[in-house]
Amino acid sequence: MRSWTWIALSLLVISCGGPPQRELSEVDLAMKEAVLAQRCAPEEYAAAQRMQQKANQLSKDGKYDEAKVTAIAAKKLYEEAQKKAAARREECFKPKNGVEPKGVKAFLEEDKNAAALDATAGRGLQTVFFDFNAFEVNASNREVLNHNAQWINARPDKKITLSGHADERGSSEYNLALGEKRALVVKRYLITLGVNGDRLRTMSFGEEMPLELGNNEAAHAHNRRVELASN
Amino acid sequence: MTRYLPRLIAALCLLSGGAYAQGEGGGIDVPVNPSDVALIQLAVPNAVNLGDVPDTRGITEALSGTVIRDLQISGHFNFIPRGAYLVDPAKEGLEPDFKAWFNAGTQGLIKIGYRIEGQRVSVDMRLFSVDGNERITLPAPYQAAAALPVDLPQLRAHAHGFVNEVLRYYTKSPGFFLSKIVFVKRLKRGKAIYTVSPDGYDEARITQGDSINMLPSWRGGRIYFTSFRNGGVHLFTYSGGHVRPFAAYEGLNTGAKLSPDGKTIACTLSKDGNPEIYLLNGATGEVIKRLTNHWGIDTSPTWSPDGQRIAFVSDRHGTPQIWVMDAGGGNQKRLTFQGEYNQTPAWSPRGDKIAFTARDERNVFDIFTVAVADGALERLTQNQGNNEQPSWSPDGRYLVFSSTRNGESKLYITNADGRVQTQISTGKGEYLTPFWQR
């Protein structure tokens, strides 16, 4: 069951086309999330790293479809490494022969938001998508916004940029306003979920930076979005 | 399992597309209403070299080519085919045999002669009324031969000025061919601001570098544009060869339009948390007043010619529509009620109509006008690709717009009733958002 689902998802990615920046940056986030895995599941972590390097290389070589699939696989490996690490956590931090492993104290100190982090671990900031000519929070993008709020609240030292985008149809000026509106609505919604508004910066790119080229609905739907990036 | 894959992929693609069919149903449904206009029969033979020095620099084309292009764009003339001429214009010189031209079926005749004299060229451009048996006296510098440098842009400018006078003679209103159009061209990286003559020649690049520059307007000797060059979405001006920052408030700063009196800028800012229309001091960029205050999107202001009113786009009723208000922000009224996607208003210099882009019932973009007095719609384009971003000529008798009717987006000029539509841009790349110099 699981394997053919992955084949289907991979094919989906291929059939919808486009450059793999999103997938590559998601792997990068997953890698940054996998701090615990680096410590407590080093072999699995290293395997994920190798897969990530492969994805980056494929992308450099212009093999975008393969890069996309490989990036998704790498992200999956990081997530699984992180899960394994969580299971081994207790053993991994236990003093061995009466000696506490090096750096555990510092790690635990850094990890004081561990509970919150665990809830969002392996899944970084997610792009929020919108309907045509719409800037409302609705049933289809609310879950992603809730996740993002949780992620941001778990990392109080980070500042977040919200970049609003529109698809290519309609005037470039209206689309700048639409992208701005989407970013502002996301900002307002995150504030209602407890995020400090001072940490959120908005920016509109209108129709100028499409995620996917092409004059079809699949491309348009991917381009109507707010991207979230942390410093 | 594999036999389900295509359906599964289709379903997932649909899911990733979201509820995309929503709200894309009804569009504007108004047909083009073509009007019959009597065309003037005109003969325009090639410019004749009257001297001994051969033309090796394209002088003939710069003179008669420009005149023919301009007259074609004007839409007032039917050209007598050259095969129907009864005399050889090259041998005839500048004094016509009126009877022979009358028998060729023409009402008007344009004759151009030139003589290269060292670094200069003497150019004689003449208009004759064939049915009146006379040469039409045009104002200076076209009443006699003019000495010009051998420089193609200057020769083309001389020809544009001549066509302006020909149009003044026939239509009682001068042509616009000495004005320029500013537009955006998409480059490999970024977008740049360019200017071009109304016949598509003498293209010049205004902004350098590979940043995104867009939404140009041009009035009072200044080009205003919106640019990402400083990391935000800010307003800049261009004049005398220099780009200067104009407004960089927090958030969006887009679409600056100078008022007819040259004192005030109308534009869109989002510094107070929402895209709204503001008036700025035209010299300093300081905010004078916020004109709109609504949770929806308000953008794309355009001034009425008397400077008393502003039309703009608002989606406060759920879809983008054309609205009108007083220049102080009062009396905000919706002007378009047909269609679900009306944008890019441009108020005619004659005051009576506003041109705009509408998405029609088949989700195609077309140019329309709406009467300010009663909201009556007229359609200017149909069944020819996407047509967007209309901007009026200074005399309000023509519009320039972008169209994908021949593939890539290019610039077109149409007369105000949509009768004659001519592609003017000839270069490579996508030509977008034209604005006619005021």
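Chain identifiers are assigned alphabetically (A, B, ...) following the order of the sequence lines, protein sequences preceding nucleic acid strands; residue numbering begins at 1 within each chain.
- If you measure heavy-atom distances from A/S140 to chain B, you find no contacts under 4.5 Å at all.
- Comparing B/N274, B/T344, B/T357 by heavy-atom pairs within less than 4.5 Å of chain A, the highest count is held by B/N274.
- The minimum heavy-atom distance between A/E180 and B/G251, with the atom names listed, is OE2-CA, 3.6 Å.
- Taking NZ of A/K181 as the start and CG of B/D315 as the end, the distance is 8.0 Å to the nearest 0.5 Å.
- Of the listed residues B/P320, B/P275, B/G232, the one with more heavy-atom pairs under 4.5 angstrom with chain A than any other is B/P320.
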Applying side chain to side chain contact (heavy atoms under 4.5 Å, CB included), run through A/S172 and B/T433 and close with a yes or a no. CA-CA 9 Å; A/S172 51; B/T433 60; 3.9 Å; yes
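- Both the backbone and the side chain of A/F205 come within less than 4.5 Å of a heavy atom of chain B.
- With a threshold of 4.5 angstrom between heavy atoms, A/D167 does not approach chain B through any atom at all.
- Ring-plane geometry between B/Y341 and A/Y174 is classed as perpendicular, the angle between the planes exceeding 60 degrees on a 0 to 90 degree scale with a lower cut at 30.
- Of the inter-residue distances, the one linking B/M214 atom CE with A/E208 atom CD reads 4.0 Å to the nearest 0.5 angstrom.
- Contact of A/T202 with chain B is not made at all, since no heavy-atom distance falls under 4.5 Å.
- To the nearest 0.5 Å, atoms CD (B/Q389) and OG (A/S171) are separated by 5.5 Å.
- In this structure, CZ in A/R201 is found 9.0 Å from CD in B/E250, a value given to the nearest 0.5 Å.
- Residues B/L215 and A/L176 meet the side-chain proximity criterion, which asks for heavy atoms closer than 4.5 Å.
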